[in-house]
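Notes for the one structure printed next.
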Amino acid sequence: MAEMTRDIGLGTAARTADLHREYGRGTAAVRALRGVSVALASGTFTAVMGPSGSGKTTLLHCLAGMDRPTRGSVWWGGTEVSRLPERRLAELRRSRVGFVFQAFNLMPAMTVAQNVELPGRLAGKRPDRERVREALAQVGLAGRERHRPGQLSGGQQQRVAIARALVSRPEVLFADEPTGALDRATGHEILALLRAGVDRDRQTCVMVTHDPVAAGYADRVLLLADGLVVDELDRPTAAQVGDRLSRLGG
Ligand SMILES: Nc1ncnc2c1ncn2[C@@H]1O[C@H](COP(=O)(O)OP(=O)(O)OP(=O)(O)O)[C@@H](O)[C@H]1O
Ligand SMILES: [Mg+2]
């Protein structure tokens, strides 16, 4: 039944079908993804793992509508994202997906609240102060609106980045190594926050990580190697993930 549900796209927040992504042409071509079909069930937390260069970031960018497939398709619910014209895609992306980067990518001269408002402003929307406060409270930063990123710890800065990604109430939250720049204890806080979003708000979340302990927070782990999904683990423990990874040579 679960498989059938996936096939017809019900309860699936995003999926790819035979996704290929090549960079460059001819002899210089790099085949970053070579036929990836994955479905992200709504309200689940997926970790994407694999050796460096295996295509994790490329997969995340294609799923998030930030990069275009060379072949194959990407879907958000019933919408084929990969066929949308650029303007429509940008519009939809702003409302349907949130993205968190390893390096936070905050604007140092702006306040926390201004950073969270920024994507909306760039889209020409009037800032919704109440919603910004709500998003900051959701990540445990109530009352920090007027601080600047430089006055916050690394973990707090990543929380601001998560609030910025969540402020539009996206269907899917994407995170590329969100704990890569943090120490273990701070990383744990961020992972617990992502996990709580899935459990409490039925947020769909996809995270790239190199850390088996981080992957242990996910419901499912997809293992990539050389542009293909080569393995999948449900309800993984960190030990299981570490074992599979070492077999991949990652
Ligand atoms: N813009 C680009 N132009 C050319 N090649 C690229 C580009 N982006 C990625 N690649 C290549 O595509 C392959 C997959 O890259 P990708 O960044 O998706 O890997 P990754 O699994 O995220 O690696 P890492 O763990 O190091 O972040 C690599 O061989 C990479 O060099
Ligand atoms: Mg990467």
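Note: hydrogens, waters and symmetry copies are ignored here, and every other heavy atom, side chains too, is used. Note that the structure is a prediction, hence the values are computed from the model and not measured. First listed ligand is number 1; within each ligand, the first listed atom is number 1.
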To which protein heavy atom is [atom] closest, and what is the distance rounded to 0.1 Å?
{"atom": "atom 29 (O) of ligand 1", "value": "V30 CG1, 3.6 Å"}
{"atom": "atom 27 (O) of ligand 1", "value": "E177 OE2, 3.9 Å"}
{"atom": "atom 16 (P) of ligand 1", "value": "T58 OG1, 3.6 Å"}
{"atom": "atom 6 (C) of ligand 1", "value": "Y23 CD1, 3.2 Å"}
{"atom": "atom 17 (O) of ligand 1", "value": "T57 CB, 3.7 Å"}
{"atom": "atom 25 (O) of ligand 1", "value": "K56 NZ, 2.7 Å"}
{"atom": "atom 24 (P) of ligand 1", "value": "S52 OG, 3.6 Å"}

According to a hydrophobic-cluster definition based on side-chain heavy atoms being under 4.5 Å apart (Ile, Leu, Val, Met, Phe, Trp, Tyr only), do L191 and M49 belong together? no
Same apolar cluster (I L V M F W Y, side chains within < 4.5 Å links), L33/L222: yes
Atom 31 (O) of ligand 1 touched by protein (heavy atom, under 4.0 Å): no
If the contact criterion is a heavy-atom separation under 4.0 Å, does [X] count as touching ligand 1?
{"X": "H210", "value": "yes"}
{"X": "G227", "value": "no"}
{"X": "G55", "value": "yes"}

What protein N/O/S atoms are found closer than 2.8 Å to the Mg ion (ligand 2)? T57 OG1
Taking only heavy atoms of P51, which atoms of ligand 1 are found under 4.0 Å from at least one of them? 21 (O)
Do [X] and [Y] sit within salt-bridge range, that is, some charged N less than 4.0 Å from a carboxylate O?
{"X": "R71", "Y": "E22", "answer": "no"}
{"X": "E145", "Y": "R133", "answer": "no"}
{"X": "E117", "Y": "R126", "answer": "no"}
{"X": "D18", "Y": "R34", "answer": "no"}
{"X": "R244", "Y": "E232", "answer": "no"}

Atom CZ of R200 with >12 non-hydrogen neighbours under 6.0 angstrom: yes
Nearest option to atom 14 (C) of ligand 1, as decided by whichever heavy atom of G53, S54, A225 sits closest: G53
Using heavy-atom distances, let me know which of A32, G180, A28 sits nearest atom 12 (O) of ligand 1. A32
Please examine the side chains of R164 and N105, heavy atoms only from C-beta on, and report whether any two atoms are closer than 4.5 Å. yes
Test side-chain hydrogen bond (donor to acceptor under 3.5 Å, both in side chains) on T57 and D176; report intermediate values, then the result. CA-CA 7 Å; T57 294; D176 196 353; 2.7 Å; yes
To the nearest 0.5 Å, how far apart are CD in E171 and OG1 in T204? 7.0 Å
OG1 of T70 to CZ of R25: how many Å apart, nearest 0.5 Å? 9.5 Å
Any side-chain donor near an acceptor of the partner, Y217 and D211, under 3.5 Å: no
